[in-house]
Novice: 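Encoded as structure tokens, here's the structure I'll be asking about.
Quick note: residue numbers are just sequence positions, from 1.
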Amino acid sequence: MAVDLNHTIVPCRSKRASAEFLGEILGLEVGKDWGPFTPLETSNGVTLDYMESDGFEPIHYCFIVTEQEFDDIFERIRERDLRYWADPGHAKSGEINHLFGGRGVYFDDPNGHNMEVITAPYA
């Protein structure tokens, strides 16, 4: 039996603004609001359902992309003058990593969620 992730709820302060932020960075289209959610669907069909919340802890999300998509995403990160790091602890500021033969970068969304974009899966 195959088990696939279908969706996850992303707590945030402003669901539309948060979904649009990540959608613009990743080059994804934000969906129409559905109940308390603003959905952002990835190319493999997993939906990030943004939902407003008064209190939450930042969460880590990782997206695997092609080399060209990484170039495009990294360019949008730099165009927005966003801080970025090569590591999840944010110790290597202004750098990307080259783990497992690929490239990776971390950046925070407006809610403090730790976003990661990689081109090669971790072993």
Side-chain angles (χ1 to χ4, degrees):
M1 173 172 60
V3 177
D4 294 317
L5 181 65
N6 178 264
H7 68 275
T8 190
I9 295 174
V10 181
C12 62
R13 289 181 285 279
S14 172
K15 63 184 183 179
R16 175 64 49 182
S18 298
E20 287 177 353
F21 169 84
L22 188 59
E24 289 172 10
I25 295 294
L26 298 180
L28 300 173
E29 191 170 323
V30 176
K32 294 180 181 179
D33 287 356
W34 182 74
F37 307 111
T38 298
L40 180 65
E41 186 175 350
T42 64
S43 61
N44 65 340
V46 175
T47 303
L48 302 173
D49 290 327
Y50 282 85
M51 184 176 88
E52 292 173 2
S53 177
D54 290 332
F56 54 87
E57 293 292 320
I59 303 169
H60 171 72
Y61 298 91
C62 181
F63 304 92
I64 190 160
V65 299
T66 66
E67 290 289 338
Q68 182 59 57
E69 289 166 334
F70 185 92
D71 289 340
D72 296 342
I73 290 165
F74 190 53
E75 183 176 328
R76 289 189 286 270
I77 289 170
R78 289 185 297 182
E79 284 173 354
R80 285 178 163 247
D81 202 27
L82 296 176
R83 291 189 68 192
Y84 61 90
W85 299 268
D87 63 304
H90 296 172
K92 297 178 182 179
S93 181
E95 299 178 36
I96 66 171
N97 67 57
H98 298 276
L99 300 173
F100 303 97
R103 293 183 291 162
V105 66
Y106 294 81
F107 63 96
D108 288 343
D109 84 344
N111 302 285
H113 296 308
N114 191 3
M115 302 296 179
E116 179 183 12
V117 178
I118 59 175
T119 61
Y122 294 156

Novice: Other than Phe56, which residues form its hydrophobic cluster under the rule that side-chain heavy atoms must be closer than 4.5 Å?
Specialist: none

Novice: So which heavy atom on Phe107 is nearest to which on Arg83, and how close?
Specialist: CB-O, 3.7 Å

Novice: Can you confirm whether Phe63 sits close enough to Asn44 that some side-chain heavy atom of one is under 4.5 Å from a side-chain heavy atom of the other?
Specialist: no

Novice: Tell me which pairs pass salt bridge (Lys or Arg N to Asp or Glu O under 4.0 Å) where either residue lies in residues 39-61, with sequence neighbours left out.
Specialist: none

Novice: Does Val105 share a hydrophobic cluster with Ile73, counting links as ILVMFWY side-chain heavy atoms below 4.5 Å and allowing steps through other members?
Specialist: yes

Novice: How long is the gap from CD on Glu75 to CD on Glu79, to the nearest 0.5 Å?
Specialist: 4.5 Å

Novice: Tell me, do Asn111 and Pro11 make a side-chain contact under 4.5 Å, heavy atoms counted?
Specialist: no

Novice: Within a strict 4.5 Å, meaning less than it, do heavy atoms of the Asp109 and Leu22 side chains meet?
Specialist: no

Novice: Which atom pair, heavy atoms only, marks the closest approach of Cys12 to Ser18?
Specialist: CB-OG, 3.5 Å

Novice: So Thr42 and Leu26, do their side chains get closer than 4.5 Å, heavy atoms only?
Specialist: no

Novice: With rounding to the nearest 0.5 angstrom, report the CD1 to OH distance, Ile77 to Tyr84.
Specialist: 8.5 Å

Novice: Measure the OG1-CD distance between Thr119 and Glu67 for me, rounded to the nearest 0.5 Å.
Specialist: 4.0 Å

Novice: What pair of heavy atoms forms the shortest contact from Asn97 to Ala86, and how long is it?
Specialist: ND2-O, 2.9 Å

Novice: Hey, can you pull the donor-acceptor pairs under 3.5 Å for the side chains in residues 28-39, sequence neighbours left out?
Specialist:
unit_1 : atom_1 : unit_2 : atom_2 : d
Asp33  : OD1    : Arg16  : NH2    : 2.7
Asp33  : OD1    : Thr38  : OG1    : 2.6

Novice: Please list, chain by chain and in numerical order, all residues satisfying side-chain hydrogen bond (donor to acceptor under 3.5 Å, both in side chains) with Glu116, sequence neighbours excluded.
Specialist: His60, Tyr106, Tyr122

Novice: How long is the span from the CZ atom in Phe70 to the CD1 atom in Ile96, to the nearest 0.5 Å?
Specialist: 4.5 Å

Novice: Are any of the side-chain heavy atoms of Ile25 and Leu82 separated by less than 4.5 Å?
Specialist: yes

Novice: Please identify each residue that fulfils ring pair (Phe, Tyr, Trp, His ring centres under 6.0 Å) with Phe21, with sequence neighbours left out.
Specialist: none

Novice: Show the numbers, then the answer: is there a side chain to side chain contact (heavy atoms under 4.5 Å, CB included) between Val10 and Tyr61?
Specialist: CA-CA 10 Å; Val10 181; Tyr61 298 91; 3.4 Å; yes

Novice: Pairs of donor and acceptor atoms involving the side chains of residues 87-95, under 3.5 Å and at least two apart or interchain, shall be tabulated with distances.
Specialist:
unit_1 : atom_1 : unit_2 : atom_2 : d
Asp87  : OD1    : Ala91  : N      : 3.1
Asp87  : OD1    : Lys92  : N      : 2.8
Asp87  : OD2    : Gly89  : N      : 3.4
Asp87  : OD2    : His90  : N      : 3.2
Asp87  : OD2    : Ala91  : N      : 2.9
His90  : NE2    : Asn114 : OD1    : 3.3

Novice: Starting at CD1 of Ile59, measure out to CE of Met115 and round the result to the nearest 0.5 Å.
Specialist: 8.5 Å

Novice: Would you kindly confirm whether Trp85 and Phe74 end up in one hydrophobic cluster when ILVMFWY residues are joined by side chain heavy atoms under 4.5 Å apart?
Specialist: no

Novice: Distance from His7 atom NE2 to Leu48 atom CG, nearest 0.5 Å?
Specialist: 10.5 Å

Novice: How close do Gly55 and Ser53 get, counting heavy atoms only, and between which atoms?
Specialist: O-OG, 3.2 Å

